[in-house]
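Only one structure is covered here, and it is reproduced in the block below.
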Amino acid sequence: MKRALITGVTGQDGSYLAEFLLEKGYEVHGVIRRSSSYNQERLEDILDDEAAGALLSNQNFHLHYGDVTDTSNVIRLMSEIRPDELYNLAAQSHVRVSFDMPGYTLDVDGKGTLNILEAVRILGLTDKTKVYQASTSELYGKVQEVPQKETTPFYPRSPYGVAKIYGFWITKNYRESYNMFAVNGILFNHESERRGETFVTRKISLAAARIAQGKQKKLSLGNLDSLRDWGYAKDYVECMWLILQHDKPEDFVIATGEMHTVREFVELAFNHVGIEIEWTGKGVDERGINKATGDVLVDVDPKFFRPTEVDQLLGDPTKARTLLGWNPTKTSFEELVRIMVQADMKKVEKEERVKKMFD
Ligand code: NAP
Ligand code: F7E
C-alpha cells in the first residue's frame, strides 16, 4: 500500500485529492492546522459524520496537527510518516489578501516549501519520497506569451505570485541538486462547490443562489473584464497524481485551454437560476440589471480591485495531454458553472430550513 502525505488537506484541492488517493487504495495522511473553529468541513465525506473530527470512519485516513512554517514539526511528521508521495498544497492562496499579508504569504508559500524539501533531504528520503509542489498560473502574471506553456517566462504581479516563484524554483533546484523526484504542477484556476467563498467564482455562484432565494439583494465585484482559464478542481487533482506517476520528474502546465471573463461567469450563473442579466454603464459605473424586473443585481466596488492585476491567463495543456494522457476538457466551463450554482442552491435551501427550525 502506497503512503501519501498531503499538506493543505482541509482546502479545496486537498480534500478532493485525499478522496481520490483513498479510492486508489493509498494510506493517506493529512496535515491540519490547529484552529479555534471547526476547519474540517471539506473532509466530512471521509470523516465519520457523527463524530466529525474525533473518530475516523476510514481506517486509511489519518490527520496530524502541523504547519509548514514550523520546521521541527515538518521534520517530525516526515520522519514518522515517511511518505512515498508528498503533495505540498498548503498555502496562503488568496492573491488579493497577499497584498495585505506579503510577509506571511512568503513564509507559508515560499519558506514552507523549502521546509518540506529540506525535511526530505535531511531525513535521507530523497530516493523514497516524490514531492509535488502546487505551483500556479499566477507565476505568468503579466503574460509574456499567449497561451502560456512550460517554457513561457514568468512575470508575477502579486506577493502571492512572487512567493510561489520561490516555491517553483526551489523545487526545481532540489530536483537538480539532489536528484530528487520533486516537480511542479503549474495549475491554472480551478474551482468547485468546495472553493473558498471569497474567490470570484464561488462568490458569484453563492450570490446567484442567495439572490434567487431572496436572501441577498446585490453582488459587488471588482474587475469584470478579467479573463481566466477556469477548470474543475476534481479533474485537476487527478493530474497532480499523474504528474507523480510519470517516469521522469518534470513540470507540467495544467489548464483547459479556454478563457472567459468574470462577466461571462456572472451571466451563466444567473442564467442557471432563471435570471437574465443585462449590462449597462462602463468601468466603476457598470451595473448588471435583472432584465425581467429592472433591479440592479451586480455593481462594481473598487475595493475588490488589486494594486496590480493579472488581466488574462490562458494555459496550453498540450504537454499534460500528450505525456500524461490527461483530458483537459472533461468538464466544460458551462458544466462547471452549473455544478457550482446547483450546489449553492442546495446549500442556501438547507441553511434556510435549519434557520426555520430555530425560529
Ligand atoms: P485553499 O482552499 O486555500 O487551501 C489551502 C490549504 O492550505 C488549507 O488546507 C489551509 O488550511 C492550508 N494552509 C494554509 N496555511 C498553512 C500553513 N501555514 N501550514 C499548513 N497548512 C496551511 O487552496 P486550494 O485552492 O485548495 O489550492 C491548493 C494549492 O494549490 C495552494 O497551494 C494554492 O496556492 C495552489 N493553487 C491553487 C489554484 C486554484 O485555482 N485553486 C491554482 C494554482 C495553484 P486551513 O484550512 O486551516 O486554512
Ligand atoms: O480572482 C477578479 C480578480 O480571487 C480571479 C487562486 O486560487 O487562482 C486564484 O487566484 C479574478 C481576478 O482568483 C472579484 O481581480 C473581480 O482577476 O477568484 P480570484 P485568482 O486571483 O485568479 C490562481 C491560479 C491561484 O493560484 C490562487 O491561489 O477575478 N475579480 N471581482 C474578483 N476576485 C475576487 N476574489 N473577488 C471579487 O469580488
Side-chain angles (χ1 to χ4, degrees), residues 6-18 30-35 37-43 64-70 73-74 77 87-98 104-105 107-109 111-113 115-116 132-141 156-158 160-161 163-164 167-168 184-192 194-204 207 219-233 236-237 240 253-255 260-263 265-266 298 300-306 308-313 315:
I6 304 173
T7 69
V9 74
T10 55
Q12 170 186 259
D13 292 4
S15 61
Y16 283 126
L17 180 65
V31 178
I32 55 164
R33 294 196 288 178
R34 144 72 191 145
S35 166
S37 52
Y38 185 59
N39 62 359
Q40 295 166 37
E41 271 164 8
R42 295 183 177 108
L43 299 174
H64 310 263
Y65 282 113
D67 192 303
V68 293
T69 61
D70 179 345
N73 166 264
V74 172
L77 286 178
Y87 297 86
N88 182 34
L89 310 186
Q92 190 305 91
S93 73
H94 203 285
V95 173
R96 220 218 48 78
V97 172
S98 77
Y104 174 72
T105 304
D107 286 346
V108 180
D109 301 10
K111 178 79 188 319
T113 308
N115 287 342
I116 301 275
Y132 171 90
Q133 167 60 13
S135 283
T136 163
S137 51
E138 283 293 305
L139 303 180
Y140 299 119
R157 292 272 279 176
S158 64
Y160 169 78
K164 283 279 188 179
F168 175 92
N184 292 284
I186 308 174
L187 270 57
F188 282 62
N189 297 55
H190 46 280
E191 318 293 314
S192 73
R194 293 186 191 169
R195 185 58 141 153
E197 294 179 11
T198 60
F199 294 94
V200 77
T201 55
R202 187 72 200 289
K203 188 172 161 182
I204 296 168
L219 165 66
S220 295
L221 293 170
N223 181 9
L224 297 171
D225 294 318
S226 183
L227 283 154
R228 288 292 181 275
D229 181 330
W230 279 300
Y232 186 33
Y236 282 41
V237 299
M240 295 177 186
V253 159
I254 307 301
H260 299 270
T261 60
V262 170
R263 195 180 288 99
F265 199 104
V266 170
V298 185
V300 175
D301 186 335
K303 91 170 172 211
F304 298 113
F305 293 162
R306 290 152 190 205
T308 41
E309 175 64 293
V310 171
D311 299 324
Q312 55 155 306
L313 289 171

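Heads up: numbering here begins at 1 and tracks the sequence. Everything numeric in this text was worked out from a predicted model, so none of it was measured. Start at 1 and go down the list; that is how both ligands and their atoms are numbered.
- Distances between N or O atoms of Ser137 and those of ligand 2 include no value under 3.5 Å.
- No hydrogens or angles considered: nothing links the side chains of Thr308 and Arg306 as a donor-acceptor pair under 3.5 Å.
- Residue Arg157 holds its CZ atom at 12.5 Å from OG of Ser98, rounded to the nearest 0.5 Å.
- At least one N/O-N/O distance between Arg195 and ligand 2 falls below 3.5 Å.
- Residues Tyr160 and His94 keep their aromatic ring centres 6.0 Å or farther apart.
- Regarding atom 37 (C) of ligand 1, its nearest protein heavy-atom neighbour is His190 CE1, 3.9 Å.
- Of the polar atoms of Gly222, at least one N or O is found under 3.5 Å from an N or O of ligand 2, judged by distance alone.
- Taking any N or O of Trp230, backbone or side chain, none lies under 3.5 Å from an N or O belonging to ligand 2.
- Distances from atom 1 (P) of ligand 1 to the heavy atoms of Ala134, Gly8, Ala255, Ser93 put Ser93 nearest.
- Listed by number with element, the atoms of ligand 1 under 4.0 angstrom from any heavy atom of Ser135 are 43 (C), 44 (C).
- For Arg195, every heavy-atom contact with ligand 1 shorter than 4.0 Å involves the side chain, none the backbone.
- Heavy-atom proximity to atom 36 (N) of ligand 1, evaluated over Phe188, Tyr104, Tyr160, is greatest for Tyr160.
- Counting heavy atoms closer than 4.0 Å to ligand 2, residue Thr198 contributes backbone atoms (N, CA, C, O) but none from C-beta onward.
- Side-chain polar atoms of Ser220 and Asp301 form no donor-acceptor pair below 3.5 angstrom.
- Residue-level proximity to ligand 2 for Val200 is carried by backbone and side chain together, each with a heavy atom below 4.0 angstrom.
- Under 4.0 angstrom from ligand 2, the non-hydrogen atoms of Ser226 all belong to its side chain.
- Heavy atoms of Arg96 found under 4.0 angstrom from ligand 2: none, in either backbone or side chain.
- In terms of heavy-atom proximity, Arg195 sits nearest to Arg42 at C-NH2, 3.9 Å.
- In this structure, CD1 on Ile6 lies 13.0 Å from CD1 on Ile32, to the nearest 0.5 angstrom.
- Between Phe199 and ligand 2, no N or O atom pair is found at a separation short of 3.5 Å.
- Taking the ring centroids of Trp230 and Phe188, they lie at or beyond the 6.0 Å cut-off.
- Interface of Asn189 with ligand 1, defined as ligand atoms under 4.0 Å from a residue heavy atom, comprises 40 (O).
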### Task
Output, in order, the C-alpha distance, side-chain angles, deciding distance and verdict of side chain to side chain donor-acceptor pair (under 3.5 Å) for His190 and Asp13.
CA-CA 9 Å; His190 46 280; Asp13 292 4; 2.6 Å; yes
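- The shortest N or O to N or O distance between Leu187 and ligand 1 is not below 3.5 Å.
- Using a 4.0 Å cut-off between heavy atoms, Phe305 makes no contact with ligand 2 at all.
- Under 4.0 angstrom from ligand 2, there are no non-hydrogen atoms of Lys164.
- Once rounded to the nearest 0.5 Å, the distance linking OG1 of Thr261 with CG of Leu227 reads 6.0 Å.
- With a heavy-atom cut-off of 4.0 Å, Val95 touches ligand 2 through its side chain alone.
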